[in-house]
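Every chain is numbered from 1, with letters handed out A, B, ... down the list of sequences. Just so it is clear, the model here is predicted, and its values are computed rather than measured.
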Amino acid sequence: MAQTRVRGRAWKFGDNVDTDQIIPAKYAIYSLDEQRLGEHAMEGVPEIGPGFAQRISPGDLIVAGSNFGCGSSREIAPVAIRGAGISCVIAESFARIFFRNAINLGYPIVQAPQAAGQVGQGDELEVDLEEGLIRDLTTGAEFWVEPLPPFMAELLKTGGLVPWVQQRLQERRAAGIV
Amino acid sequence: MGMTMSEKILARASGREVVRPGDLVLGRIDFAMGHDLTIPPAGKIMREQMGAERVWDPERVAVVQDHFQPAKDAASAALGRMTREFAREMGIRWYFEVGQGGICHTVLPERGLVLPGELVVGADSHSCTYGALNCLATGIGSTDLACVLALGELWFRVPETLRFVYHNRLSEWVESKDLILHVIGMIGVDGARSKAMEHTGEALRHIDMEGRLTMTNMAIEAGAKNGIMACDDVTEAYLRGRAQRPWQPVASDPDAEYEQTFEIDAEKVPITLARPMSPENTAPIDEVAGTRLDQVFIGSCTNSRITDLRRAAQVLEGRHVAPWVRLIVTPSSHQVALQAEREGLVRIFMEAGAAWTTETCGACLGGHQGVLGEGEVCLSTTNRNFPGRMGDPKALVYLANPVVAAASAVAGEITHPAEVVRQPVGV
Ligand code: SF4
């Protein structure tokens, strides 16, 4: 795993932020260009508009309400967020495909309803991904992260689905199946 | 304790006797799909990152050019080209070029490529559509698709199942679209998050396969992993002469366990629309009638199959759209377009003053051929109206069934179809 501890300021969002708000469909044509996607991350959120990526500092975090990432299956949603320099997304809950995509990419997202409710806009946060603990350095509050099932935790730790597939392909080649 | 149909499919696909909600399983995939937005990244991840040289089974993969095709600009042409080259280099058996396929979720069922009892994945969130054919079908991302293409298997969490029992039958003018919007309004856009929605009950028996596909199409709008229905004579009749492989239906056991059961009297469901900016923001037609419109869009994998177009044409025949409205009709597949042409529907649309476009996702995702500007109001037969979905984030989109769409285009405002049909033709 790349990093086990991330730190930055909190950017708060509401419930049901969907993939078209995270990255409007018109940018899907840049699906292979993470940096360009990052420049447009979150700009579909009506109160945000263009320029989110320019306002944040690398390492900052998104703290959102329920069902974050609902809508399309577009993997460019977590990719755009990562491309913008966001180090981790904390939410009350995640939409299914967004959740899978992030885990598959080895990108840290954490479900923590209490933190989602209590962290304030701009609070300085530190997330210990190994320990599963969020510290709000502004208020001193601490929140536990909901643990992942072991298989997913392992995927996240080893960098996502790519290394897992590589491993299985190797096993198959060794067994003469492929 | 028995299993639901979704559990049975995952048990079979993972080689287990029994699975329970919450289990993580490795499932063998029966069919997989990707399109012009998802094949380029998936192909790249599969080859360059995972190091796989070929697709596990080119007979069990469909690649469809639909989202930004025919290419709307040079960047989408590049994606179309990568998609085309990938399909050719991998020897994909079910490749659908512009002018020969249409929207993936219409094409796969109509070609008999997704079948009862199967485990199907598509790199598109509305892949849940196929569940009306008694398969477990779900949307995945590009890395997931790369994994499937390389290995033919994928990890799944066995979902809890919510059961929806529809009693009696739908009233006049009320369609399966209204029924599913009603359900989403009831449970919310995360009401079925990561779960299976199993639709059953007497009302379904009177809904044809195309109407059923409209319902499972919108499972994702309630956050579900999949929507699923039993295999009955309607299913079998639809598959006759179409199915590309032998198939084995699944049925839920009488003692299967459901997380929750919802009983719905279909007869009491009114014509239902979703107001901006969320599919859960539903209202009976009375509450939104009179809303003035700039654009009406009849299209998408939700509601632009041949029976949808027939019903819309019935309202439009001999009538004309209001002068301030643009009506865009986009058939959802090439076969649908051909059939509409044969039946004279295209002429009806065109004489009514509609723009008839080629089969594509087009305006549904604010891609091309009908993107909305700031402050514009649109009534659409699609599935999603989150901010910015069809263009500018400040455009307002109402979701409705195709008959309401046709009637409202004529009236220039949201209108109950009975009011338009009551007026004599030509007035
Ligand atoms: S028609 Fe719309 S919802 Fe359907 S696949 Fe295309 S973009 Fe997605």
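Heavy-atom distances place the side chain of Leu155(A), and not its backbone, under 4.5 Å from chain B. Using a 4.5 Å cut-off between heavy atoms, Ala123(B) touches chain A through its backbone atoms (N, CA, C, O) alone. Proximity to chain B is limited to the backbone of Ala95(A), based on heavy atoms less than 4.5 angstrom apart. Interface residue Ile220(B): only side-chain heavy atoms are found under 4.5 Å from chain A. No part of Glu221(B) comes within reach of chain A, as not one of its non-hydrogen atoms sits under 4.5 angstrom from that chain. Only the backbone of Phe94(A) comes within contact range of chain B, with at least one heavy atom under 4.5 Å from a heavy atom of that chain. At a 4.5 Å heavy-atom cutoff, the contact between Met82(B) and chain A is made by side-chain atoms alone. For Leu145(B), no part lies near chain A; criterion is any non-hydrogen pair under 4.5 Å.
A heavy-atom distance below 4.5 Å is not found between the side chains of Pro149(A) and Arg157(B). For the pair Leu161(A) and Trp155(B), the minimum side-chain heavy-atom distance is below 4.5 Å. Proximity of Trp164(A) to Leu151(B): side-chain heavy atoms (C-beta onward) are separated by under 4.5 Å at one or more points. The closest side-chain heavy-atom distance from Glu48(B) to Val162(A) is not below 4.5 Å. You'll find the side chain of Leu24(B) reaches within 4.5 Å of the side chain of Met152(A), heavy atoms only.
Nearest heavy-atom pair across Ala25(A) and Phe68(B) is O-CZ, 3.6 Å. Residues Asn101(A) and Gly141(B) share a closest heavy-atom pair of OD1-CA, 3.1 Å. Residues Leu32(A) and Pro41(B) come closest through the heavy atom pair CD2-CA, 3.6 Å. For the pair Leu169(A) and Ala150(B), the tightest heavy-atom approach, listed with the atom from each and the gap, is CD2-O, 4.2 Å. Considering every non-hydrogen atom in both Pro46(A) and Pro387(B), the closest pair reads CG-CB, 3.8 Å.
Arg20(B) CZ: more than 12 foreign heavy atoms inside a 6.0 Å radius. Shown here is Arg55(A), whose CZ atom has more than 12 heavy atoms of other residues, nucleotides or ligands within 6.0 Å. Summarising the local packing, NZ of Lys394(B) is surrounded by 12 or fewer heavy atoms from other residues, nucleotides or ligands at distances under 6.0 Å. Atom CD of Gln35(A) sits in a sparse spot, with 12 or fewer heavy atoms from other residues, nucleotides or ligands closer than 6.0 Å.
Rounding to the nearest 0.5 Å gives a distance of 11.0 Å between CD1 of Ile29(A) and CG of Asp36(B). Within the model, atoms CZ of Arg193(B) and OG of Ser66(A) stand 7.5 Å from one another, a figure rounded to the nearest 0.5 Å. Separation of atoms CD1 (Ile45(B)) and CD (Glu75(A)) is listed at 5.0 Å; rounding is to 0.5 Å. From Arg389(B), atom CZ reaches atom OG of Ser72(A) across 7.0 Å, with rounding to the nearest 0.5 Å. How far OG of Ser278(B) is from CG of Asp15(A): 10.5 Å, rounded to the nearest 0.5 Å. In this structure, OG in Ser31(A) is found 5.0 Å from CG in Leu79(B), a value given to the nearest 0.5 Å.
Ranking Pro393(B), Ser142(B), Gly388(B) against chain A, the residue ahead of the rest is Ser142(B), based on heavy-atom pairs under 4.5 Å. Among the candidates Leu37(B), Thr143(B), Asp124(B), the residue making the largest number of heavy-atom pairs closer than 4.5 Å to chain A is Thr143(B). Among the candidates Gly160(A), Gly71(A), Ser93(A), Pro24(A), the residue making the largest number of heavy-atom pairs closer than 4.5 Å to chain B is Gly71(A).
Both tests pass for Arg100(A) against the ring of Phe156(B): distance under 6.0 Å to the centre and angle within 45° of the axis. Seen from the ring of Trp56(B), Arg172(A) does not count as a face-on cation partner, given the 6.0 Å and 45° thresholds.
Donor-acceptor pairing under 3.5 Å is recorded for the side chains of Thr138(B) and Arg96(A).
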Derivation and outcome, side-chain contact (heavy atoms from CB on, under 4.5 Å), residues Ser194(B) and Phe99(A): CA-CA 10 Å; Ser194(B) 296; Phe99(A) 184 78; over 6 Å; no
